[in-house]
2 protein chains.
Amino acid sequence: VVLTGAEVDQVAGLLSLREWQPFQLCATSVVLSFLARNPMLDVLPPDIVRRRAVGLEEPFVMPGGVEARLFPVPGKAPLYAEDGYPPIGSEAEVNTGIEIAGGGARIMFVPGCAAVTPALKQRLAGADLLLFDGTLFTDDEMIRAALGTKPGRRMGHVPIDGADGSLARLADFKMRRIYIHINNSNPILVEGSEERRHVEAAGWEIAEDGMEIVG
Amino acid sequence: VVLTGAEVDQVAGLLSLREWQPFQLCATSVVLSFLARNPMLDVLPPDIVRRRAVGLEEPFVMPGGVEARLFPVPGKAPLYAEDGYPPIGSEAEVNTGIEIAGGGARIMFVPGCAAVTPALKQRLAGADLLLFDGTLFTDDEMIRAALGTKPGRRMGHVPIDGADGSLARLADFKMRRIYIHINNSNPILVEGSEERRHVEAAGWEIAEDGMEIVG
């Protein structure tokens with residue numbers, strides 16, 4: 001298991017894996033420190049589930065022989081651990097993407113991203129597959145729907161739409177691109193919606209439960 | 001939401017309820033203190049989800065007007081918080097049952113119980129419905145199946161079978177009785193198994209996902 005961060009939706013599934021099945025839990029040392037604050041996660045016994053801190057840009061080999069590395073992505077510390085970190089952190093290790101390479105192909109997995117910077121764009125260019133943060137369509141959609149009080153960027157998620165949105169900022173990419181981590185407020189989830197057609201016309205796919213990606 | 005304890009399977013579902021929906025979280029102060037050790041659970045904001053400590057035997061009214069009260073049940077602190085408590089605790093508030101009364105009927109909900117003591121049996125007598133710990137059929141079934149290293153009682157669960165098991169100890173009860181909290185190692189889950197027939201012949205029902213109980 002490789003974690004890109006320690007937000008609840010990234011780590012709560014670990015609680016369902018406490019079946020004495022050995023595996024390795026890889027993440028940055030900062031992400032592992034967030035986990036360590038929650039004794040409940042100790043139900044994964046350290047002798048069965050080894051926690052392995054991996055540095056940014058440090059390649060490591062996963063089962064099956066594919067190579068992975070974590071890289072910094074603009075984002076923030078988990079909601080439950082914001083006290084020690086600025087909302088959108090300068091602390092690079094709090095939020096990462098994963099580059100996965102094998103068989104001559106490269107996958108970029110970026111489920112949480114607060115801004116598409118030139119550096120990030122350069123990093124993603126040339127991959128064969130991009131799985132990217134599609135949490136919100138517009139920055140204020142949760143506020144307008146009375147589902148929350150914070151704009152998307154404050155939550156660490158750049159919106160899809162708008163001049164600084166991921167759709168515009170990544171418009172010249174040609175690789176296969178799939179929006180993932182889509183919030184239930186996002187209209188691209190609605191079959192036939194204007195927003196969904198817009199995203200699909202730009203060449204993006206929209207992830208769904210049980211999706212299988214065949215190379 | 002009323003918690004009988006703070007073991008992972010009792011509290012992890014709270015992480016899926018972090019949708020800004022107001023509700024009250026009722027439990028003993030000791031159980032709430034176990035939750036407080038895990039900052040991840042702070043994603044339920046205190047101004048939206050009020051945590052309310054209720055004492056043992058202290059009646060409180062739930063939505064719909066039914067009355068509830070927590071009562072002590074032999075058991076133990078959660079696995080991740082055993083350090084401060086003996087394995088099977090003398091600290092009564094760590095593990096409780098819930099008595100729910102309304103419309104002239106009484107339900108007893110006891111999902112974790114390490115031993116059926118005379119005091120507990122007296123407490124349960126006279127209820128209209130008993131939902132009781134059916135985790136394991138035999139005390140050592142997880143060890144024999146190489147699924148764990150601890151006997152059931154050490155995990156806070158009296159087995160169904162045996163002279164001190166719940167089936168024998170509650171054999172003279174006549175109210176509707178349903179085994180709940182059944183582990184995937186328990187043969188009563190297998191349709192037509194000898195163990196299941198044995199339990200059903202003794203008048204017990206076996207809970208299943210989505211079960212509805214109509215009075």
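All chains are named by letter (A, B, ...) in the order of the sequence lines, taking the proteins before the strands, and each is independently numbered beginning at 1. Computed from heavy atoms alone, side chains included, the values below leave out hydrogens, waters and symmetry copies.
- For the set Val43(B), Leu35(B), Val11(B), the count of heavy-atom pairs under 4.5 angstrom toward chain A peaks at Val43(B).
- In this structure, Thr149(A) OG1 and Trp20(B) CH2 are separated by 4.5 Å, a value rounded to the nearest 0.5 Å.
- Interface remark: Pro78(B) contributes no atoms to any contact with chain A (heavy atom separation under 4.5 Å).
- Taking 4.5 Å as the limit, some side-chain heavy atom of Leu15(A) sits within range of a side-chain heavy atom of Leu15(B).
- Formation of a donor-acceptor pair under 3.5 Å by the Asn38(A) side chain with backbone atoms of Met40(B) is found in this model.
- Glu57(A) CD: more than 12 foreign heavy atoms inside a 6.0 Å radius.
- Contact annotation: the side chain of Glu19(A) never approaches that of Leu147(B) to less than 4.5 Å [non-hydrogen atoms, C-beta and beyond].
- If you take CZ on Arg18(A) and CG on Asp9(B), they are separated by 5.5 Å, rounding to the nearest 0.5 Å.
- Asp47(A) CG: more than 12 foreign heavy atoms inside a 6.0 Å radius.
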